[in-house]
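Below, chain A is the first sequence line, B the second, and so on; all start at residue 1.
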Amino acid sequence: MPELPEVETFVRNFRPGLVGRRIVAFESHWKRNVRPREQVAARAMRGKQIEAVNRRGKLIVLHLSGGKVVLIHLRMSGRLEWGEPGAAEPRHVRAAWRLDSGRRLLLCDARKFGRIWVADDIAAAVGTLGPEPLDPHFTASALAARLAGRRRQIKPLLLDQSVVAGLGNIYTDESLFYARIHPLTRSDRLAPGQVRRLHAAIRRVLRTAIDRHGTTIDWIYPGGRMQRELAVYGRAGEPCRRCGALIVALRVGQRGTHVCPRCQPAAER
DNA sequence: TGAATTGTTATCGT
DNA sequence: AACGATAACAATTC
C-alpha cells in the first residue's frame, strides 16, 4: 500500500530524528528479508552516521558515513515507528536501529513482505529503477520515450518500477482516470496528446497525495487524508465525480482496478 | 473460513 | 530471444 506519496511522508516525518544520528546497533531476526544477513548488515551499519535520508521510488534511503546506503522497502504493510524508551512496544516489529539519541527506529510489518538492504548503492541492491515522476527531468517526452516500442497494457506498464519509479495500484488508477485513459489501452496505441495528459495526471495526483500525507484506506497506513479525494480507487458502484456514471471495478494484470466507464472509454480491440 | 490485499520474480507462451 | 501475460509467493486481517 505504501506508494510514493506514503513513502515520501514517512521520509519527511522521520528525517529530522535521523539525520546526524549515529547507529549504535541494528537488531533483527528477519532472516528472509534482510540482505546481507543480519550480522553482516549490522556490522556494516554499526557506528555509522546517518548523513541524509531520502526517497527513491518506493524505497526509503539512509545515506551512511563511509558511503553505504540502507534501503527500506515497505511493500504492502510496512511502516516506520519510533521506539521510545519506556514506551509500549508497537506490534509487528521486524527490525530496529538503535540510535545515539536513545531512540530506536523501528520497521513494523504485519505481513512481513518488507525488505532491508545494506549496499554500496541502490542499483547494486534493486537493479535499475525508472525515473522519479516528480523530478524536473521527467517530462512528457521522457514518458513518451519510455513507452515507445512497448505494446503492453498501460496499467501494468505504469506499475513496472523500471518504467517509472513509485506508482502503485492506487495512484495508477487515479492517474489513468484524470488522463481519461482506459487501463487496458495498449501503450503503443496512445496518442501523443494522451501521453501528455497521462504525464500531467501522474504529477498532479502524486503532488496532491503528498500534500495530503498519502492515502489511509485500511488499518495499515494511518494519518493520510487523500482517501477523501480519490476519484476512482475503492469507489466501485459510486458515481463518478466528473460525469456521474457509476465507477466500475475490473481486474487488470491480477490487480483490482477502478475506472469510470464514461470518462475512460474502453480501447477498441 | 477464505477471500482480498501488493510488488516482485519465476515461468510459460508467442 | 525478447517481450508480454500470468501464476506464485510472502502473511495477515476481517
Roughly how many Å is it from [atom1] in [X] to [atom2] in [N], rounded to a whole number?
X	N	atom1	atom2	result
A:R94	C:dA10	CZ	P	15 Å
A:L147	C:dC3	CG	P	15 Å
A:H258	B:dA4	NE2	P	12 Å
A:L4	B:dT6	CG	P	17 Å
A:L158	C:dA5	CG	P	13 Å
A:I220	C:dA11	CD1	P	15 Å
A:W219	B:dT6	CH2	P	12 Å
A:R152	B:dT14	CZ	P	18 Å

Could you tell me whether [X] and [Y] have a side-chain N and a carboxylate O separated by less than 4.0 Å?
X	Y	result
A:E3	A:K58	no
A:E132	A:R55	yes
A:R104	A:E89	yes

To the side chain of [X], which of [options] is closest?
X	options	result
A:K112	B:dT6, B:dT8, C:dT12	C:dT12
A:Y233	C:dA10, C:dT12, B:dT5	B:dT5
A:R251	C:dA5, B:dT5, C:dA10	B:dT5

Just N and O in the side chain of [X]: are any of them under 4.0 Å from OP1 or OP2 of [N]?
X	N	answer
A:R151	C:dG4	no
A:H92	C:dT13	yes
A:R115	C:dC9	no
A:Y171	B:dT6	no
A:Q254	C:dA7	yes
A:R75	C:dA10	no
A:R91	C:dT13	yes

DNA chain B: A:M76 or A:V126, which has the more 5' nearest nucleotide?
A:M76
If you draw a 6.0 Å radius around CZ in A:R241, do more than 12 non-hydrogen atoms from other residues or ligands fall strictly inside?
yes
When all nucleic acid strands are considered with a 4.0 Å heavy-atom cut-off, which category describes A:G168: base, sugar-phosphate, or nothing?
sugar-phosphate
Is A:Y221 touching bases, backbone alone, or none of the nucleic acid, heavy atoms closer than 4.0 Å?
nothing
Parallel, tilted or perpendicular: which one describes the rings of A:F138 and A:H199, with boundaries at 30° and 60°?
tilted
Which pair of non-hydrogen atoms, one from A:S101 and one from A:R21, has the smallest distance, and what is that distance?
CB-CD, 3.2 Å
